Each structure stands twice: as C-alpha cells, then as structure tokens.
Amino acid sequence: MSFDDFHSGRELKATRKPHACEQCGRNIETGSPAYYAAGKYDGHFYTQYEHVECRAAGMAYAEETGLWGEDFTWFQHADSDMLADFGPWLLEHHPIVAERLNIEREEDEVEA
Ligand SMILES: [Zn+2]
C-alpha cells in the first residue's frame with residue numbers, strides 16, 4: 001500500500017495519557033494498548049491514536065472495499081449512507097468496534 005507524503009505507525013503497549021480514538025471517537029484509557037501514527041499528508045503534519053481493535057477494523061474495511069488514502073473510512077465521521085454499508089459488516093466482524101460506535105443490529109432507516 002502506498003501513501004503520499006509519509007506515514008509511520010506502531011503499536012504502543014500502554015498509553016501514558018488519554019487520547020481520543022480516531023476511528024470511534026471514544027477515549028483510549030491511560031495504560032491501554034493503542035495504535036499510534038504520525039505523518040504528513042497533503043502538507044499537514046498529524047498524529048493520531050486508535051484503539052487496536054478500531055485500527056484492525058479500519059484496515060480490514062479498507063482491504064475489503066479498496067478505499068484507501070483520502071477515501072479511507074473513518075467510522076466516527078461517516079454519514080448514514082456509509083453507515084448502512086459498514087454497520088452490518090462491523091457488527092459481524094468487529095462487534096467491539098460496532099459497540100463503541102453505538103451501532104445496533106436493527107437499524108431503522110435514517111432520513112437525512
Ligand atoms: Zn476506537
């Protein structure tokens with residue numbers, strides 16, 4: 001997989017302070033394992049933290065859909081159409097992440 005600019009990440013055994021997870025938006029508790037990444041994208045430096053489960057789900061979903069780079073799916077920022085696509089998939093394959101995003105098995109149609 002190739003990214004523009006640069007991107008590097010690694011797994012932390014334990015965070016030293018709380019961080020919001022980039023995928024689900026929830027807090028990663030101090031002392032929890034987390035995925036940490038830093039890089040430069042489109043001229044902007046960034047750092048991000050993710051729960052290891054959220055990271056795994058995000059990567060698996062990109063693998064499944066071929067949506068990488070700027071099309072990469074950030075679950076917490078998805079609109080209802082996107083949610084309709086990945087919601088059932090997350091429930092089936094990554095239930096921990098689905099729960100963090102408050103995705104429930106029986107979704108009513110959401111009118112925008
Ligand atoms: Zn998360």
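What you are looking at is a predicted structure, and each value in this text was computed from that prediction instead of being measured. Numbering of ligands and ligand atoms starts at 1, following listing order.
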Exercise. Judged by atom type as modelled, is there a donor-acceptor pair below 3.5 Å linking the side chain of H51 to the main-chain atoms of N27?
Worked result: yes
Problem set entry | Any donor-acceptor N/O pair, E29 side chain to T15 backbone, under 3.5 Å | no
Seminar exercise, completed: Excluding waters, which are neither shown nor counted, protein N/O/S atoms under 2.8 Å from the Zn ion (ligand 1) come to 4
Exercise. Do E53 and R100 sit within salt-bridge range, that is, some charged N less than 4.0 Å from a carboxylate O?
Worked result: yes
For this session: Mind telling me whether Y49 and H19 have parallel, tilted or perpendicular rings, with 30° and 60° as the class edges?
Result: parallel
For this session: Indicate yes or no: at least one non-hydrogen side-chain atom of H7 is less than 4.5 angstrom from one of Y46.
Result: yes
Exercise. Taking atom CG of L67 as the centre, does the number of heavy atoms from other residues, nucleotides or ligands within less than 6.0 Å exceed 12?
Worked result: yes
